[in-house]
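First comes the structure, then the notes that go with it.
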Amino acid sequence: MTDKPAKSPKTRQTSEITQTLELGGLGLDRGAHLLISRALDAVAGGLLEVLGTDPHLALHLAPWCRSQGHTVVRSETNEAGTQCVIQPG
């Protein structure tokens, strides 16, 4: 019988939301990415919460974050709008 080392569970960085950015109806196609980029630069070791009512916000934000090296931790859309939480990369 051989002893295999126990697999350690993947650790996930848990941070708290340190800043909230409210975009209103501004979408990434109209410059919201500039505001998000600036806000992410100001978040040190935390998470950025992005709120907006643009109907395409969640759809556009995920690929933009990937292309910039960031991670969308959570994304929820309902009748009130979209809430996304981003971890800077």
Side-chain angles (χ1 to χ4, degrees):
M1 179 191 264
T2 60
D3 290 331
K4 291 184 182 179
K7 290 184 181 180
S8 61
K10 289 184 179 180
T11 56
R12 189 172 153 190
Q13 183 178 1
T14 57
S15 300
E16 300 217 2
I17 293 173
T18 55
Q19 186 174 344
T20 298
L21 176 63
E22 295 187 29
L23 297 174
L26 189 66
L28 267 71
D29 59 331
R30 298 188 57 134
H33 63 288
L34 300 172
L35 298 174
I36 295 168
S37 181
R38 180 170 267 185
L40 284 166
D41 288 342
V43 175
L47 299 174
L48 174 67
E49 176 184 44
V50 178
L51 305 173
T53 57
D54 179 80
H56 305 291
L57 180 61
L59 178 68
H60 292 165
L61 190 58
W64 180 84
C65 283
R66 268 195 314 275
S67 74
Q68 302 297 309
H70 309 302
T71 304
V72 176
V73 177
R74 183 174 64 245
S75 179
E76 297 177 19
T77 302
N78 59 35
E79 61 278 348
T82 299
Q83 176 205 32
C84 295
V85 178
I86 304 170
Q87 182 175 16

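This one's a predicted model, so the numbers in the text were calculated from it and none came from an experiment. For the single chain, residues carry numbers from 1 onward in sequence order.
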> Which residue pairs pass the side-chain hydrogen bond (donor to acceptor under 3.5 Å, both in side chains) test with at least one member in residues 54-63, sequence neighbours excluded?
Replying inline: none
>> Test of understanding: with side-chain hydrogen bond (donor to acceptor under 3.5 Å, both in side chains), list the residues that count as partners of T53, not counting sequence neighbours.
In response: none
>> Quick test of your reading: applying side-chain hydrogen bond (donor to acceptor under 3.5 Å, both in side chains), list the pairs with at least one residue in residues 22-31, sequence neighbours left out, ordered by first then second residue.
In response: none
>> Can you pull out every salt bridge (Lys or Arg N to Asp or Glu O under 4.0 Å) where at least one residue sits in residues 34-45? Sequence neighbours excluded, please.
In response: none
>> For G89 versus H70, what's the shortest heavy-atom pair and its separation?
In response: N-ND1, 2.9 Å
> side-chain hydrogen bond (donor to acceptor under 3.5 Å, both in side chains) with S75: which residues, sequence neighbours excluded?
Replying inline: none
> How does the hydrophobic cluster around L35 look, that is, which other residues are in it when side-chain heavy atoms under 4.5 Å mark a link?
Replying inline: L21, L23, L26, L28, I36, L40, V43, L48, V50, L57, L61, W64, I86
